[in-house]
Amino acid sequence: MKVLALDHGPQVRSELFGVVTREAGHELVEWEIGATPLPRGGFDAVLALGGHQNVGEESRYPWLEEEYDLLRGWIASGTPLFAICLGAQTLAHAFGGEVAQLPVRQAGFVEVTLTAEGARDPVLGVLPARFEALVGNFYGFTLPPGAVELATSTVQPQGYRIGERAWAVQFHPEARRGQVLGWFEADGEATLPRPLAELERELEAKIDGWHRLGRALCTAFLDAAAQAS
């Protein structure tokens, strides 16, 4: 398969998902929206990744409007899609969900629970019924009309599906330890719900187990996408 990674900047690329995609023998095309035109040729699947931008900042990042249109087009054409963090928010917005700033920033690991639909889902269903997920977000979303909630936390929805070929998660199954620490350091410790040193110790202790789940999740998506193509 030819897989497009829709990036929102150099610090939020496909990371672990890119490694898994290439290891599975697929072609991965990294594309930073807003920096260069969309690469020519069709894609068999799309990864819509995270970013520091937010829905509602279209005047600052005009390419957000292009992203909403692309997401609608891929869904309409049946292109398998997996969206993460900002990607999950832009997808929710594109299909009528609400995206807004949370009362408290989410950072580090939080407990996430699969819904009954999530446990039966061919992609998110590979995850445990309850697990600790790595998050790093100021904003959250409400489910778009018609979407199926697949995972949730005490603060916000954490995963959903639109139709049978598009999945989205608020947490970061693709992120690496150093990458995440870079995000937190760049934003400043004052924005974090816990001290940076504490978050760093938590990442060190939990990232290997989290990457095992991330690999399983990416593999499940690629398998579902291959069956659809």
When clusters are formed by joining ILVMFWY residues with side-chain heavy atoms under 4.5 Å apart, either directly or through shared neighbours, do Phe82 and Leu222 land in the same one?
yes
Just wondering, more than 12 heavy atoms not from Glu66 lying within 6.0 Å of its CD?
yes
Walk me through whether Glu117 and Glu149 qualify under side-chain contact (heavy atoms from CB on, under 4.5 Å).
CA-CA 7 Å; Glu117 289 289 346; Glu149 186 174 27; over 6 Å; no
Below 4.0 angstrom, N of the basic side chain to O of the carboxylate: do Glu200 and Arg177 qualify?
yes
What pairs of residues pass the side-chain hydrogen bond (donor to acceptor under 3.5 Å, both in side chains) test when at least one of them lies in residues 208-226, not counting sequence neighbours?
Glu23-Arg215
One should read off an interatomic distance between His93 NE2 and Leu91 CG, to the nearest 0.5 angstrom, of 11.0 Å
Are Ile84 and Leu150 connected, step by step, through hydrophobic side chains (Ile, Leu, Val, Met, Phe, Trp, Tyr) whose heavy atoms are closer than 4.5 Å?
yes
Apply side-chain contact (heavy atoms from CB on, under 4.5 Å) to Leu217 and Leu213, showing your working.
CA-CA 6 Å; Leu217 189 60; Leu213 294 184; over 6 Å; no
Between CG on residue Leu28 and NE2 on residue His26, distance to nearest 0.5 Å:
10.5 Å
Can you hop from Phe171 to Ile162 via hydrophobic side chains spaced under 4.5 Å?
no
Side chain to side chain, Leu192 and Leu199, heavy atoms closer than 4.5 Å:
yes
Run the side-chain donor-acceptor check on residues 123-148: report pairs under 3.5 Å with partners two or more places apart or on a different chain.
| residue | atom | partner | partner atom | Å |
| --- | --- | --- | --- | --- |
| Glu132 | OE1 | Lys206 | NZ | 3.1 |
| Glu132 | OE2 | Lys206 | NZ | 3.0 |
| Asn137 | ND2 | Tyr139 | O | 2.8 |
| Asn137 | ND2 | Gln156 | OE1 | 3.2 |
| Thr142 | OG1 | Glu98 | N | 2.8 |

Begin from the C-alpha positions of Arg176 and Val180 and carry the test side-chain contact (heavy atoms from CB on, under 4.5 Å) through to its verdict.
CA-CA 6 Å; Arg176 302 177 191 268; Val180 174; over 6 Å; no
Joint cluster assignment, Val55 & Val12, ILVMFWY side-chain distance < 4.5 Å
no
Rounding to 0.5 Å, atoms CG (Leu38) and CG (Leu6) come to a distance of 8.0 Å
Please name the pair of heavy atoms, one in Phe17 and one in Gly214, separated by the smallest distance, quoted to 0.1 Å.
CE1-O, 3.5 Å
Tell me if a side-chain donor or acceptor on Asp44 pairs with a main-chain N or O of Lys2 at a distance below 3.5 Å.
yes
Contact summary for Pro173 and Leu16, nearest pair of heavy atoms
O-CD2, 3.6 Å
Is there a donor in the side chain of Thr152 and an acceptor in the side chain of Gln158, or the other way round, less than 3.5 Å apart?
no
Value for CD1 (Ile75) from CG (Leu70), rounded to nearest 0.5 Å, stands at 11.5 Å
Which label fits His172 and Trp183: parallel for a plane angle under 30°, tilted from 30 to 60°, or perpendicular past 60°?
tilted
Val46: partners by side-chain contact (heavy atoms from CB on, under 4.5 Å), with sequence neighbours left out
Leu4, Trp74, Thr79, Leu81
Does Glu27 reach the side chain of Val3, with side-chain heavy atoms less than 4.5 Å apart?
no
Nearest 0.5 angstrom please: Glu15 CD to Leu47 CG, how far?
12.0 Å
Could you give me the CA-CA distance, side-chain angles and deciding distance for Cys218 and Thr21, then say whether side-chain contact (heavy atoms from CB on, under 4.5 Å) is met?
CA-CA 8 Å; Cys218 184; Thr21 298; 4.0 Å; yes
Residues in side-chain hydrogen bond (donor to acceptor under 3.5 Å, both in side chains) contact with Glu58, at least two apart in sequence or another chain
Tyr68
Has Glu185 got a side-chain atom pairing as donor or acceptor with Gly182's backbone, closer than 3.5 angstrom?
no
Determine whether Trp167 and Val169 fall in the same hydrophobic cluster, where Ile, Leu, Val, Met, Phe, Trp and Tyr are linked whenever their side-chain heavy atoms lie under 4.5 Å apart.
yes
How long is the span from the CG atom in Leu114 to the CZ atom in Arg120, to the nearest 0.5 Å?
11.5 Å
Taking the six-membered ring for Trp, are His8 and Trp63 closer than 6.0 Å centroid to centroid?
yes
Within the side chain of Arg72, is there an N or O that forms a donor-acceptor pair under 3.5 Å with the backbone of Phe95?
no
Quick one: does Arg161's side chain have a donor or acceptor within less than 3.5 Å of a partner on Gly163's backbone?
yes
Would Glu67 and Thr90 count as a side chain to side chain donor-acceptor pair (under 3.5 Å) if you check the C-alpha gap in whole Å, the side-chain angles of each, and the deciding distance to 0.1 Å?
CA-CA 8 Å; Glu67 180 163 337; Thr90 57; 2.8 Å; yes
In terms of side-chain heavy atoms, does Ser14 have a donor or acceptor partner in Glu30 at a distance below 3.5 Å?
yes
Do Pro10 and Glu32 have side chains that approach each other closer than 4.5 Å (heavy atoms only, starting at C-beta)?
yes
Partners meeting side-chain contact (heavy atoms from CB on, under 4.5 Å) with Pro195 (sequence neighbours left out)
Glu189, Glu198
Are the side chain of Glu57 and the backbone of Asn54 linked by a donor-acceptor contact shorter than 3.5 Å?
yes
Are Glu202 and Arg194 close enough for a salt bridge, meaning some N to O gap below 4.0 Å?
yes
Non-neighbouring partners of Ala226 that pass side-chain contact (heavy atoms from CB on, under 4.5 Å), sequence neighbours left out:
Met1
